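I have placed the structure first, in the form of structure tokens, so that the comments after it can refer back to it.
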Amino acid sequence: MRAGHGAWRRAWQQMREDPWLQGVALTSLTVALAILGAYLNLYLNLQQAAQRASLGPGLILALPDQAPPVQAQALAQELGALTAVERVAVVDQAQALERLRQQLGADQDLLTGLEGNPLPATVELRLRPGADVEVLAQSLRGRPEVAQVVTSRPWLRGLRQAQTTLTTLGLALGVLLFAGVVLLVTNTVRLAVHLRREQLVVLDLVGATGGYVRWPYVLEAMLQAVAAAVAASGLVWGLFRLLAAPAPLPLGLDLADLLAFSWRTGLVLAGLAAAAGALGGLWGVGRALRPRDLA
Amino acid sequence: MILLSRVAKRYPGRQAPALERVDLHVPPGQFVYLTGPSGAGKTTLLRLLFAAEAPSSGTVKVGGADLGRLRQSQIPVLRRKVGVIFQDFKLIQGRSVFENVALALRVAGINGRQLPSRVEEMLRRVGLWEQARTLAGDLSGGEQQRVAVARALVGRPPLLLADEPTGNLDPESAREVMRLILEAHGRGATVLVATHDPALLGLVQGARVVRLKAGRLEDGA
């Protein structure tokens, strides 16, 4: 505990002694972490959006034309009581058209030539995990208040496959960006070791152990990385706020949602930065300090 | 205290060995001058004694420890028992006199109330207590060497090594530094001073003089 406290104190002392080095380290790490943070934010927001899309209705019941709203409500109430059904929602014709307009995004002009509203009112069901959608669909087909039963399974499966592939690719790119930050920390630590050669020679001479010399460098790298993560979070938040005007995108997405920067993303970035600082710090001092070369 | 047996040191790319068949025994409490011209191997011999170098062959023992068999993790422990003074002081220029001296205690895990009192005692002994807060880089050469002496002695090491300790100093500062080294000897430390300055040899009565030439001990072994 006391040794740990001493290492923090020494890390803080050597940071104060080298304001120029701190400036260089913070600037370069902030830029690198801002890139990682922007990527992380987009990745997490896209994941969330994809999850929202894939958690859409498991079953859609199209109602006959001119079905009164009260009939839709009664059907929804009846189905909502079933144990297999998690959530039920009624989407009237106007809502269905508005949703289609949003999904078309820039192509919504396609709808301007339409006479009236061709879309039916629907009752959308989200089923509980494990519920058999086909059995329920079968029991609903042929009922007079239901014109058509649509199961979302085939497109959902395709979406999930695409989502899995994109997640894997996204993670690989994320790991590459993280490795870049670790490498940057490593080189910053090696620069610090080079600049403090005189100090290291003296420490070695008076009998400092490897741990006594190394830990302050690791802690310094972690402190720099976390401080840079805070600055990078502010930078990304500000940048995304500038860019994020509400603009509907295809698949029901919205640019404002995709660019929203939450404090949770900031925390994840700070955690990743601390890990990069620890890894890069350990690697950097391990490579730069070889005891017998110093004295 | 020191035992060298058939010690040789060769550097890659150099034909002549830095040290060749060196046998030397220094009992505890002795004051030894290691003399010889530049390039004779004095610095190499001293570096072997605080494990900054490993011998190419032969045995080097300090305080009973065989340095050739010392694990990397044991070297810092050895260095805390050996005070070393260099011609170029080797101080941290950007830190205060106090911090430079305190460093030798901090690395040994000496903190708390003991640390400031021991540093103060040492700095008073070398006459630099008034300048404790001054940056080492702002001191004169003679003063810097006195800080280096204080740092070497504050841990109360049983062995003191000095490599040309007065080489960069004016005669008055040189005498003062030698007085401090002699005082440490008076307190029981074994002292080995490497120098090529014959004027220094007369300063310590009864000191043993060991001569090195081209890596070999000529006499005094």
Side-chain angles (χ1 to χ4, degrees), chain A residues 1-25 189 191-220 282-295, chain B residues 43-44 46-55 67 70-86 88-96 99-112 115 135-137 144 147-148 150-155 157 159 161 163:
Chain A
M1 187 71 186
R2 195 168 179 83
H5 173 74
W8 281 108
R9 192 184 52 76
R10 293 195 301 280
W12 181 241
Q13 184 180 17
Q14 62 191 29
M15 285 176 83
R16 279 174 47 207
E17 283 173 354
D18 268 325
W20 176 83
L21 182 68
Q22 301 315 313
V24 170
V189 170
L191 175 69
V193 167
H194 180 74
L195 289 174
R196 297 173 186 151
R197 204 81 193 157
E198 173 206 55
Q199 200 179 106
L200 292 169
V201 167
V202 174
L203 280 168
D204 192 46
L205 188 72
V206 296
T209 58
Y212 187 97
V213 177
R214 284 178 170 84
W215 278 113
Y217 280 88
V218 177
L219 296 177
E220 182 181 355
L282 283 168
W283 196 27
V285 287
R287 285 173 67 88
L289 295 176
R290 288 178 301 167
R292 275 197 191 266
D293 292 349
L294 291 173
Chain B
T43 298
T44 303
L46 287 192
R47 286 172 65 81
L48 290 176
L49 295 177
F50 65 95
E53 308 257 6
L67 303 197
L70 220 52
R71 286 199 306 273
Q72 196 69 54
S73 60
Q74 291 173 309
I75 291 175
V77 181
L78 167 89
R79 291 198 181 146
R80 290 175 209 156
K81 293 176 188 163
V82 182
V84 190
I85 303 165
F86 293 90
D88 60 354
F89 325 130
K90 293 208 190 300
L91 299 177
I92 302 177
Q93 301 290 313
R95 289 201 187 163
S96 69
E99 275 305 314
N100 268 281
V101 177
L103 195 62
L105 296 177
R106 291 196 205 281
V107 299
I110 298 168
N111 284 297
L115 184 134
L135 294 182
Q144 288 198 40
V147 177
R151 186 188 60 198
L153 296 177
V154 74
L159 176 62
L161 307 175
D163 189 6

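Note that the structure is a prediction, hence the values are computed from the model and not measured. In what follows, every chain begins at residue 1, and chains take the letters A, B, ... in the order their sequences are listed.
- The two residues A:E198 and B:I92 make their nearest non-hydrogen contact at OE1-CA, 4.0 Å.
- Closest of all the heavy-atom pairs between A:L205 and B:R151 is CD2-NH2, 3.7 Å.
- Residue A:G207 comes nearest to B:P76 through the heavy atom pair O-CB, 3.3 Å, listed as atom of the first residue, atom of the second, then distance.
- When each of B:V84, B:N100, B:L91, B:V77 is checked for heavy-atom pairs under 4.5 Å with chain A, B:L91 comes out on top.
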**OP:** Dump the intermediate steps for side-chain contact (heavy atoms from CB on, under 4.5 Å) on A:V202 and B:R95, then the final yes or no.
**Re:** CA-CA 12 Å; A:V202 174; B:R95 289 201 187 163; over 6 Å; no
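- With a threshold of 4.5 angstrom between heavy atoms, B:Q74 does not approach chain A through any atom at all.
- Between the B:R79 side chain and the A:D204 main chain, a donor and an acceptor come within less than 3.5 Å of each other.
- Of the atoms belonging to B:L78, not a single heavy atom falls under 4.5 Å from chain A.
- Using a 4.5 Å cut-off between heavy atoms, A:E17 touches chain B through its side chain atoms alone.
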Original post:
Could you go step by step and tell me if A:R10 and B:R106 meet the side-chain contact (heavy atoms from CB on, under 4.5 Å) rule?
Top reply: CA-CA 11 Å; A:R10 293 195 301 280; B:R106 291 196 205 281; 6.0 Å; no
